[in-house]
Amino acid sequence: AMGILGPPDRERARLNMVRVIRGDLPSPREYTVQRKDGSTFPAVVRSSPIISEGKPIGLRGIIFDTTELKRAADERAKLEEQLQHTQKMDAIGTLANGIAHDFNNLLTGVLGYASILKLKSKEGSDVYKGAAVIERSATRASELTQQLLGFARRGKLRDAPVDLNKVI
C-alpha cells in the first residue's frame with residue numbers, strides 16, 4: 001500500500017523536492033514512509049523533475065520498500081557478531097589447550113619427584129608425608145588441567161571408565 005512520509009521526514013522531503021525540481025539534489029534518498037494503518041517502513045525514494053516546455057512542472061518518484069534489505073543487513077550483522085564470538089572462543093580454546101599441555105608437562109615432573117621422595121623415605125616420616133601432600137596436590141592440579149583441556153576441546157573428549165578386558 002502506498003504511503004506518505006512519516007512526520008520526521010516531511011519537512012526534509014519538502015525541501016528536497018524543491019531541490020530535485022531545480023536539479024540540485026541527486027536521487028535516491030532514504031525516508032520513513034507511513035502506511036494508512038499508521039505502521040511505517042524504511043524506503044528509498046528516487047525522484048526526478050517532470051519538464052514541460054523546458055520548465056519543471058512537477059515531480060515523479062518511485063518509493064522502494066527497503067524493509068527486507070534492512071532485515072537482511074541486521075541478520076548479516078548478527079551472523080558476523082556470532083562469527084567473531086566463535087573466533088574468539090576458538091582463540092581462547094587454543095590458548096587454554098596450550099596452557100593445559102604446558103602445565104601437564106610441569107605436573108608430570110612434580111609427580112615424578114614426589115614419587116621418588118616417597119620411595120626414598122620411610123612411610124610416616126615428615127619427608128614421606130610432605131611428598132604425599134605434593135602428590136595429592138599435583139594430582140588435583142592435573143585433574144583441573146584435564147577440565148581445561150575439555151573446555152579447549154569443547155566437550156569433544158570425555159573421560160569415562162572403560163573395561164579394558166572388553167576392549168582387548
Side-chain angles (χ1 to χ4, degrees), residues 1 3 5-9 11-13 16 25-35 37-47 62-168:
L5 295 179
D9 289 333
E11 182 57 23
R12 182 171 65 95
N16 286 342
L25 186 66
S27 267
R29 286 159 317 284
E30 291 188 33
Y31 294 105
T32 298
V33 178
Q34 187 172 10
R35 293 182 185 97
D37 67 4
S39 64
T40 60
F41 63 92
V44 169
V45 177
R46 179 176 291 280
S47 53
I62 299 170
I63 297 175
F64 178 72
D65 183 343
T66 58
T67 302
E68 288 305 314
L69 290 175
K70 300 267 185 197
R71 189 174 293 139
D74 290 347
E75 183 64 28
R76 180 185 172 120
K78 286 178 189 173
L79 289 172
E80 285 175 357
E81 187 177 315
Q82 288 174 352
L83 175 63
Q84 287 177 352
H85 178 72
T86 300
Q87 289 171 336
K88 285 180 194 174
M89 292 306 292
D90 283 346
I92 290 169
T94 301
L95 179 64
N97 191 39
I99 290 170
H101 279 292
D102 289 348
F103 199 60
N104 248 353
N105 291 340
L106 294 171
L107 289 172
T108 300
V110 171
L111 283 167
Y113 280 106
S115 293
I116 291 170
L117 279 173
K118 282 174 66 179
L119 286 172
K120 300 230 177 208
S121 62
K122 254 186 165 177
E123 194 170 336
S125 70
D126 288 345
V127 171
Y128 187 93
K129 288 177 185 175
V133 169
I134 292 170
E135 193 175 52
R136 280 193 306 273
S137 297
T139 299
R140 178 66 184 121
S142 182
E143 291 167 2
L144 291 172
T145 302
Q146 291 306 312
Q147 289 176 1
L148 189 57
L149 280 169
F151 165 76
R153 294 179 184 128
R154 278 185 229 126
K156 293 176 187 166
L157 186 66
R158 213 181 76 203
D159 286 337
V162 174
D163 183 347
L164 290 179
N165 291 325
K166 288 183 180 176
V167 172
I168 291 172

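Pairing each heavy atom of A43 with each of T66, the nearest pair is N-OG1, 3.6 Å. In terms of heavy atoms, K129 sits closest to G124 at CE-O, 3.2 Å.
Counting heavy atoms of neighbouring residues, nucleotides and ligands inside a 6.0 Å radius, atom CD of E81 does not exceed 12 of them. Counting heavy atoms of neighbouring residues, nucleotides and ligands inside a 6.0 Å radius, atom CG of D126 does not exceed 12 of them. Other residues, nucleotides and ligands contribute over 12 non-hydrogen atoms within 6.0 Å of the CG atom of L69.
Classification of E75 and R71 as a salt-bridged pair fails, no side-chain N sitting under 4.0 Å from a carboxylate O.
A distance of 9.5 Å separates CZ in R136 from OG1 in T139, rounded to the nearest 0.5 Å. For the atom pair D65 CG and R35 CZ, the distance stands at 6.0 Å (nearest 0.5 Å). To the nearest 0.5 Å, atom CG of residue L107 and atom OG of residue S137 are 10.5 Å apart. Interatomic distance, CD of Q84 versus CE of M89, reported as 14.5 Å (0.5 Å rounding). Taking CG of D102 as the start and CD1 of I99 as the end, the distance is 8.0 Å to the nearest 0.5 Å. In this structure, CG in L83 is found 11.0 Å from NE2 in H85, a value given to the nearest 0.5 Å.
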(message) Could you go through L111 and E135, starting from their C-alpha distance and side-chain angles, then the distance that decides it, and tell me whether this counts as side-chain contact (heavy atoms from CB on, under 4.5 Å)?
(response) CA-CA 6 Å; L111 283 167; E135 193 175 52; 3.9 Å; yes
(message) Test side-chain contact (heavy atoms from CB on, under 4.5 Å) on N16 and Y31; report intermediate values, then the result.
(response) CA-CA 11 Å; N16 286 342; Y31 294 105; 2.8 Å; yes
(request) Quick one: do F41 and K70 satisfy side-chain contact (heavy atoms from CB on, under 4.5 Å)? Show the steps, please. (result) CA-CA 10 Å; F41 63 92; K70 300 267 185 197; over 6 Å; no
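S125 places a side-chain N or O within 3.5 Å of a backbone atom of Y128 that can act as its donor or acceptor partner. Panel note: side chain S121, backbone L117; a donor-acceptor pair is recorded below 3.5 Å. Not one N or O on the side chain of S142 forms a donor-acceptor pair closer than 3.5 Å with the backbone of A138.
In this structure, I62 and S47 have side chains that are not in contact, with every pair of non-hydrogen atoms separated by 4.5 Å or more.
Judged by distance alone, the side chains of H101 and N97 do bring a donor and an acceptor atom under 3.5 Å apart.
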